[in-house]
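Let me begin by presenting the structure, written as structure tokens, before commenting on it.
Chain naming here is simple, since letters A, B, ... match the order of the sequence lines and numbering starts at 1 in each. These numbers come from a predicted model, not from an experiment. Side chains are part of it too, since the values below use all heavy atoms of this structure and drop only hydrogens, waters and symmetry mates.
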2 protein chains.
Amino acid sequence: MNAPATVTKQGRKWDQVLEGARTVFMRDGFEGASVDDIVREAGVSKATLYSYFPDKRLLFLEVAKSECNAQSEAAIQQIEGSGDVREVLSTAAGRMVRFFMSDVGMQVFRIVVGESQRFPEIGREFYASGPLMVRQMLVGFLSRAVDEGKLKIDDVELAADQFPELCKAGLHMQLVLGLRDSASEEEIDRVIEGAVDMFMSQYGV
Amino acid sequence: MNAPATVTKQGRKWDQVLEGARTVFMRDGFEGASVDDIVREAGVSKATLYSYFPDKRLLFLEVAKSECNAQSEAAIQQIEGSGDVREVLSTAAGRMVRFFMSDVGMQVFRIVVGESQRFPEIGREFYASGPLMVRQMLVGFLSRAVDEGKLKIDDVELAADQFPELCKAGLHMQLVLGLRDSASEEEIDRVIEGAVDMFMSQYGV
DNA sequence: CAACATATAAACTGTTCAGTTCAGTTTTTT
DNA sequence: AAAAAACTGAACTGAACAGTTTATATGTTG
């Protein structure tokens, strides 16, 4: 009768595990999170967790990737639409800054940076589903703007690397290192404005 | 007869311990380095190590601080001398980029970022003896340049935050995440030049 | 020499934690 | 309802590792 949404779920509790892992990893970091904490949080047995994920690292990787993907997709949609370069850059900067400064964003960053030496695939997969997406998006957007005569850029790839860095502007470092808990709206706006101003002053026609 | 260099060393093997710790921490990271590895590398007994340093964290902190201080001192000396703004910025950028990209610089960064959540004083002390030094130095230099009419900057602190970020320009992220082992001289030069160009294009008179 | 400081090796403690195993229960499918 | 698949709980293993203790040695100084 009904041909329902059999989404080939690979077990009923997959989402539950991932959500619990997200919570605990974001709260305690990678080393700080014990698998026992995670299964408790997820309301699932340890055996179930290990039937989905071969080890703790891959579990974390899955969490980090899903965060990045959610973020990237949202960003891509917004950049496709509008016309004015300055406006697009401001919007993109806003997104980036707010993600960099969010609890989740910073925690993923901390863990990935801390663990990528011992577990290189964490670094690779994070880069591919986070920074690289942004970069490609920016390269595309900037190239188009150059073609349309709206920007003047020699080295588009360099420009696409510079812009996200400008969006960090000291605040990110202070937050990541735990020197402060949060940034005020004014500070964030100043960083965004500063980034766009500087970028346009160099590359604007 | 001989009145030799009794430099009031607080124990003969202090340096030896620190040097061994440096080697092992830089090779294996903080969690990856076991205290037993360190004493083996240092050629020292565990009891000796623990007679100098109350725990592993503080030992690492000492290593990281000594790296940062060496780096900061060298940088400060160079910025004091010369006259042309563009030249000073180029030199400073060169220093920063090369430190960011060095094995030691990246390893300290990885560890500090990874551990600063669980051990906040690591973040604080690192910031104070690294990024903060650079920032203060830049604020001083830029203010002077503004006073002398060589630069035009509204928000000097923001500018002092932006410049080091520009010196990372994507390369740093790729190296830290282990996507590549090293950067070529051309790439480094391009980043330096790009940073100085962009900075001057916004803030040059 | 005597006392004092420094260093050593090695065994030990206590804990934490990833990952396994398995007998038994619940849920889904046929 | 019967068979198959997913899940549970709890105990267990095995290893890593920070930090301590002990009994001993070496060297220095007054």
Q. Does A/Phe126 have A/Lys65 sitting over its ring (NZ/CZ under 6.0 Å from centre, angle to axis within 45°)?
A.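 No, a cation-pi geometry is absent between A/Lys65 and A/Phe126.
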Q | A/Lys168 charged N/C atom sitting above A/Phe100 aromatic ring, 6.0 Å / 45° | A |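 Relative to the ring axis of A/Phe100, which defines the angle, A/Lys168 lies inside both limits.
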Q) Who are the salt bridge (charged side-chain N to carboxylate O under 4.0 Å, His left out) partners of A/Asp55, not counting sequence neighbours? A)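 Scan of A/Asp55 (salt bridge (charged side-chain N to carboxylate O under 4.0 Å, His left out), adjacent residues dropped) gives A/Arg57.
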Could you state the atom-to-atom distance from [atom1] of [X] to [atom2] of [N] in whole Å?
X       : N      : atom1 : atom2 : value
B/Gln16 : C/dT6  : CD    : P     : 16 Å
A/Tyr50 : D/dG9  : OH    : C1'   : 16 Å
A/Lys13 : C/dT27 : NZ    : C1'   : 10 Å
A/Asp15 : D/dC7  : CG    : P     : 11 Å

[N] phosphate, OP1 or OP2: any side-chain N/O from [X] under 4.0 angstrom?
X       : N      : result
A/Ser45 : D/dG9  : no
A/Tyr52 : D/dC7  : yes
B/Lys56 : D/dA18 : yes

Q | Minimum heavy-atom distance B/Met106-B/Val176, with the two atoms named | A |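 Closest approach of B/Met106 to B/Val176, heavy atoms only: SD-N, 3.9 Å.
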Could you tell me whether the side chain of [Y] reaches within less than 4.5 Å of the side chain of [X], counting heavy atoms only?
X        : Y        : value
A/Leu59  : A/Val17  : yes
B/Arg118 : A/Glu31  : yes
B/Gln107 : B/Arg110 : yes

Q: Give, ordered by number, those residues of residues 19-44 of chain B having at least one heavy-atom distance below 4.0 Å to an atom of DNA chain C; if nothing qualifies, reply none.
A: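 Contacts with DNA chain C under 4.0 Å: B/Gly43, B/Val44.
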**Q.** Interface residues of residues 107-126 of chain A with DNA chain C (non-hydrogen, below 4.0 angstrom)
**A.**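 Within this stretch, nothing sits under 4.0 Å of the strand.
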(Q) Take a 6.0 Å sphere around CG of A/Asp147 and say whether it holds more than 12 heavy atoms from other residues, nucleotides or ligands. (A)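 Enclosed.
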Q. Counting N and O atoms only, with roles assigned by atom type, does the side chain of A/Gln16 sit under 3.5 Å from a partner on the main chain of A/Ala42, one being a donor and the other an acceptor?
A.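 Checking the backbone N and O of A/Ala42 against the side chain of A/Gln16, a donor-acceptor pair under 3.5 Å is found.
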Q) Under the 3.5 Å rule, do the base of D/dG19 and the side chain of B/Lys46 count as making a donor-acceptor pair? A)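 Answer is yes: a donor-acceptor pair is held.
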